[in-house]
Every structure is written in structure tokens, then in C-alpha cells.
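Inspection log for the structure reproduced underneath, given as C-alpha cells.
Since this is a predicted model, take the numbers as computed values, not measurements.
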4 protein chains.
Amino acid sequence: MASRQERTDPRVVRSRERVLEAALAELAERGYGGFSIDGVATRAGVARSTIYRLGHDRLSLVAAAMETLNVQPRPEPGGHDPRADVVAIVSHLAAAMQSSLMSDCLPAVLDGAERDPGLRELHHRYSTQRRTRLVEALTRLQESGHVVGDPERAAEALAGAVFYRRLMTPVPLRTDEVEGLVATVLGEAQRASQPE
Amino acid sequence: MASRQERTDPRVVRSRERVLEAALAELAERGYGGFSIDGVATRAGVARSTIYRLGHDRLSLVAAAMETLNVQPRPEPGGHDPRADVVAIVSHLAAAMQSSLMSDCLPAVLDGAERDPGLRELHHRYSTQRRTRLVEALTRLQESGHVVGDPERAAEALAGAVFYRRLMTPVPLRTDEVEGLVATVLGEAQRASQPE
Amino acid sequence: MASRQERTDPRVVRSRERVLEAALAELAERGYGGFSIDGVATRAGVARSTIYRLGHDRLSLVAAAMETLNVQPRPEPGGHDPRADVVAIVSHLAAAMQSSLMSDCLPAVLDGAERDPGLRELHHRYSTQRRTRLVEALTRLQESGHVVGDPERAAEALAGAVFYRRLMTPVPLRTDEVEGLVATVLGEAQRASQPE
Amino acid sequence: MASRQERTDPRVVRSRERVLEAALAELAERGYGGFSIDGVATRAGVARSTIYRLGHDRLSLVAAAMETLNVQPRPEPGGHDPRADVVAIVSHLAAAMQSSLMSDCLPAVLDGAERDPGLRELHHRYSTQRRTRLVEALTRLQESGHVVGDPERAAEALAGAVFYRRLMTPVPLRTDEVEGLVATVLGEAQRASQPE
DNA sequence: CTTTAATCGAGACGGTACGTCGGGTCTTTCT
DNA sequence: AGAAAGACCCGACGTACCGTCTCGATTAAAG
């Protein structure tokens, strides 16, 4: 009999979902410092006490929201053309920076990582996960004979450029600028600007 | 004549200095969201009313602190070797990221720029100023025959890599890693790793 | 039906009581001008916001404290001997002037009544209530054949003497001086001091 | 030679006068608690620092103002008719209560006397001085054969009634009510109400 | 007159209190 | 039992004064 199988009150499930959603929205809109349980409760249409009973406090809510952000979109970059993979990955990142929950939450996450060790650990782990795929593609590219230099440095340069545009300039990197970026960092400039 | 020289009460000068210092420390330690006038006043050893009398409110204080951060270190990169200039600029940035007020305040500044339009404008302006020197060096490098690709993209990649390491990884870029970064982004990898 | 009986949170009741008590103490000790919400909150061991949530501001708190002072002690002076009633009332007032919250608050109340129209109205109303009982007793005394003169004037003289001693001299009227006062004001001096 | 005779800067004299005047007005209008150096300075058209240089602080200014109030109007009540003297003294007091600086300052003085021992001593001394003349007149009246009872009590009742009307009722004792008051307290009621 | 010194106005500064807002915790009541 | 409501404490906000103090500028007195 499957009767004693840890039944959860459907109200709890509903509350949990709405709270997580609201937490993400709050993080995006108010930032780490401005993030408040009260704000989340209001957004979720839920009483503050409900959130506390779910076992959350401020930090755990932020952490939960950050984990929600870390959904890897598709782990299948393994095409036959490593360079196209690199462009695809950078393009994907650039697209995310232009408009997405992740982009909206980015400054908040950076700030949170700066203030709290737990969030920092989380943030660095997820960043490494994301970067790894790019490093792998660059390594494959190098192994296919392309001049890449240090793949780690190249990955940091490519991803860094995308984040730089998001964080330090008014306009994030457009998807159509990705090709030029990759060409520049991979030292293919002569081909791009002097095709003759 | 310069006789009417608008003397300022020395007490005001002293207060202004201490408040600005304290504001920077507060910004670094508490972030944009946690930044409080009370905290600044306590840190500065000054009454809250003094801060308000100086014409500050929360935002203007943050802005003033940010302006303090924007002291250009040395405007004389005009050496004879453009590539050395590039390395010098990136190294300087990398060093700053390893330990400095600017590094400490960076997440707070990014967060502030995200929340407030005024701070955003300031932040982007200063970023542009800093980036411009790098772009110029890269352009000179290109004009001297070096393969650079798009100097704008290259600058974003170089600076971006440094910021990326500061913000997304546990360890900022070390100064001795700069040479490798520059070589990678400038497509000199074959020369560096394959001196053949 | 008494079913919908508007229950009040016991915490609110407790807060209200402590705040009122503290307000009285503050009024007695600091006076109307020195009366501060901060002081009341500290005295009551309550947060300032709690006081504001109870609907109070500075003036309404003072007013509430004054109303607390206006508890009529016992409305049963209707003895068979009007003169004894007069002595009782005056004695009661004299006793209150020697030591009581009302005595301690008196200067503050007078000052408050002078500065604020609302407090003035309150103060005069309560004074009238208290005086009325004395006037009635004097009137009964007059109707019983005693020479009283104008009962209004006599009441003002009797009460006035008690207040005068409290406010203008170092020593309030002692209870054993009341008999002499009443005798003097009621023109019984010859009987009291020259009993034939 | 009268040269070394402690000449005072005329500016100081002028300041001193204006400050004292202003202090009285401030006391009357704002009360003891609301009395502020700043208010006095503004009223006097003088800088705050000027007041402090004159050696004043808050209390000494209030005290100085109170002393100014204590000018005995005329020490010559010694007529041939003691009862007329009594009426004159009480009338004078009643008139003062209706409109005068002293009346305006009364609540402030009472409050000040309650808060500060120095002011209290001053206040009681001046009150005694004023009351003494009334007691003397009543004693003369008693010696002339009139039934007075205890002259001390009678004086307190008469003066008390006047103060009572000023402090506890909306309308001070009118001058034409003085005769009735004196008649009542002196037990002459039968003459007043039953002249037959 | 001119020098010198006291006096003044102006206002910076550290405080304290204001009334408001909002956050996190905890209790009470309802469903 | 779970959820909603909301009372409570805490602390920051920006404002308004207050009493103290330090400044230059003004003005009286002495040479």
C-alpha cells in the first residue's frame, strides 16, 4: 500500500511554487540588498508567516532563487564544427544577457555573492559549470588545428566580453556582434577585415 | 583678479573628506542595498545632520563615492611600444581587481547602476573613459601592423576577462596571467607557444 | 446578540496600558514642553512605532494622559451634614495636592492648557466637573441655613486656596489645616476661635 | 579721576536690553518647556552667540525674565480703611490676571518652578512677597474688629480664588467680581445678599 | 586717523526628537 | 494543521531645532 508515502498538503505545494517565482522576481527587481521577505510575500499573494513556515529565511530564499536560475538550457553542443559550437555558446550567452531573468538578476547575484559566502560558493560553482562547456568547445577547436592560445583565457575573454557589455555599458552585446567578437579573440581578424 | 577666492570653512573640508571616505568603505562593505546614511555617519565619526547639511542624501552620497573611485591613475600610456601599453593597461586593471577600493566596491556599483538611472549613467561614463585608453592603445597597435581584429571587441574581451575573473570566479586574474591573456586575445598564441 | 464582540488582541491592551502609565510619568517628570514620545516609549519599554500605531501623536498622548488623571474618586458625598461634605471634598483635594500623580502633573497640565486649545478645553471641563461637586455641597449648606455668601465664589476660594498652596508655596495645604480654611472662608471664625 | 569706572561697550548694553525683553516675550508665548535661546535670539534680532557671550544659558535667561516680572507695582496700600485695602490688592491681582505679562508667563513660571530648584526658590520668594501685603491688610482689618478668621488662610483663599479663575477656568475673575469674592470670604454674605 | 581689540553675525557641528516607513519575528484567530 | 492577519521591536529615513563652537567682518576705543 502506497498510503504512507509522505503526502504533502496541496496548499503547501502551491505556496512553495508561488513563493519561488516571487523570490526570483523580487531578486531581479530589488536586488540583493533590497530583497525582502515582505516583498516576496506580497508578490506571491501569501502571508509572511507562510514563507517562514516553509523553512525559509532571507538568505535561503535568495539561494533558492539563484538555483532556479541555473537551469542549463541544453547540454548538446557536440556538433561537428567546433567553431560553430563556440559561436553558438557565446551567442546563447549574449542572447541571455539581452533579456532574461538571468540578466535581470545578474547584478543582484554578484552583489549577493560578494556579501555571503554561501551564495558566493553557489555562484562560482554555477559559473564554472557554464564556462566549462565553452572551454571544451575551444579545446576541441584548438585540437582541430585552430590557433586559440590558452583555451581558459580565451573562454574568459569571450564570456567576459559578453558580461562586460551587459554590466559596464548601456547596450549588451548584440547577437550579430558575436561573430566579430569570436573572430577577434580567435585572431582571425585578417580574414574578417582583409578577406582579399 | 583672483582675490575673491571663495574661502571654504576648513571644518567643512574636513567633514567632506571623512564622509566621502566613510561612504566608500560603507559601499564596499555593505553594498548598494545595505548602504545607509547612519552607517556612513558612524564610520566617519560625524553626526547624521552634518551629512545632510553637506547636501547629501542616500543617492548623492553613493554617487559622490563612485566619483571618488574614478580617479584616473596616470594618463601617460604614450610609450613607443603600443603592445607594452596594452599589457600595462590590462595589468593595471588586473592589479586593481586583486585589491583596491574599486574592486571592493565593484559589485555594489554594478548593483547601484542597475537600480538607479543616475548611477547607471555615471557608471557607464566612467567605464567608457577607462575603456577608451585601452581602445586607443589597441588602435595604435593595429596601425603599427599588428593583427588586432576589431579594437573595440578586443578591448571588451581584455577588460571583460579581467572583470570576469573578479566577479565570476574565486580568484581574480593574477598579474602574471596578463601576458597570456593578451597573447591569446591578440592571436599571438602560435608565437608564444610555438616559437618555431 | 453579543456574539460579534469585537475582541481585542491582549498584546494591544497591554501596550496601551503601559504607554498610558508611562505618558503620565513622563508628563509629571518632564512637563508639557519636555514631553517626548521617545521618553514615553523608553519608559514604557515599548517601541516608538507601537505608540504611533496606537494612533497617538504627541498631543493626543498628553490628552490621553490627562483623561486618565480625571478619574472621579467617589461620587457619594451625599451625607446628612453638608458642612462635613464640604470639608471632605476640600480635604480630598488637599490630600491629592500633597502627593499624587495629579499633583505631579498639575504644572504640566496648566502649561499644556495654556499652549494648546484642545488641552485647554479638556482641562477646563475636568476642572468644572470637580468644582461642581463642591458648589453643590456649598449650596446645600446654604439651604440648610448656613451663611455662605456666593457658593461659586466660596468654591473658588476653597479650591483656589488648596491649589495656591500647591503652586505658589513650598508646602501644600496639610489636611489638618483644611478645617481652619473652611471655617475662615465660611465666616465661622468667631465660633471657631472665640467659642463664646 | 572717574576714568577707571568700568565703561561698558554701548553695543553690549543694547544687546542686553533687547535680549531681556525678548526673553520675557518668549517665556510668555512658548512657555518654560518651549523656551529656547534660539527663539530669544531671533526675537531680539541678535545672534545666538551674542546671548551666550552675555553669560546666559537657558535657565539664567528664564530666571532673569522672572525677576523682571517681579516689579512690585506700588508699596503704598496704607490707607485708613483696611477693607478697602484688601479689595484694592485683590482687584490689582485680578486685573493683572486678566491681561499682563505676568498673567501670560504664569503657567510657564509654575512649570519652571516645578522643574528647577533655583526657579522654584525665586518663585516662592516672590509669591511670599506679594502675599505678605495681603496678609498685613487682613490683619489690620481683623484688628479693626472685623471677623476674618485666620488671616493667612483668608489671604490664600482670596489670592487662590483669583489664580484659580486664571488657571482652571476659561475666564479670569473680573474686577467687578472682586467685591463679591471678598464679601464671601470675609463672611459678610448676609450684608451683601440680605441688606434689609 | 589709525591701530588694536572686543563684539558681532553667520553658520558648522554633534545631538535629540520628530513622524513615517518597512523588515523580520512571533502570536492570535480563522478555516 | 495551515494560512492570514497583524502586533511587536528595531532601525533608517530626511527634517527641524538646540546649544556649543569657531570663524571672519564690523565697529568701538586708544593712541
His123(A) side chain vs Glu114(A) backbone, donor-acceptor pair below 3.5 Å
no
Pairs flagged by side chain to side chain donor-acceptor pair (under 3.5 Å) wherever residues 101-111 of chain D is involved - sequence neighbours left out:
Ser103(D)-Arg166(D), Asp111(D)-Arg115(D)
Given atom CZ of Phe35(D) and atom C1' of dC17(F), what is their separation to the nearest angstrom?
15 Å
With sequence neighbours excluded, what pairs up with Arg125(B) under the side-chain contact (heavy atoms from CB on, under 4.5 Å) test?
Glu121(B), Leu122(B), Gln129(B)
Listed partners of Thr42(C) passing side-chain contact (heavy atoms from CB on, under 4.5 Å), at least two apart
none
Counterpart residues, salt bridge (charged side-chain N to carboxylate O under 4.0 Å, His left out), relative to Arg16(C) (two or more places apart):
none
If you restrict it to nitrogen or oxygen atoms, what contacts under 3.5 Å exist between nucleotides 4-6 of chain E and the protein, and what is each distance?
none

Which ones in residues 48-59 of chain C lie close to DNA chain F, meaning a heavy atom under 4.0 Å from one of its atoms?
Arg48(C), Ser49(C), Thr50(C), Arg53(C)
According to side-chain contact (heavy atoms from CB on, under 4.5 Å), who are the partners of Ala25(C), at least two apart in sequence or on a separate chain?
Arg43(C)
List for me each residue that meets side-chain contact (heavy atoms from CB on, under 4.5 Å) alongside Asp116(B), sequence neighbours excluded, and say none if there are none.
Tyr32(B), Leu59(B), Leu119(B)
Can you tell me which residue pairs pass the salt bridge (charged side-chain N to carboxylate O under 4.0 Å, His left out) test with a partner in residues 49-66 of chain B, sequence neighbours excluded?
none
So which of residues 36-46 of chain B are in contact with DNA chain F, with a heavy-atom cut-off of under 4.0 Å?
Ser36(B), Ile37(B), Asp38(B)
Holding to salt bridge (charged side-chain N to carboxylate O under 4.0 Å, His left out), I want the full list of residues that pass it with Arg120(B), two or more places apart in sequence or in another chain.
none
Expected list for residues 17-31 of chain B near DNA chain E, using heavy atoms below 4.0 Å, is none
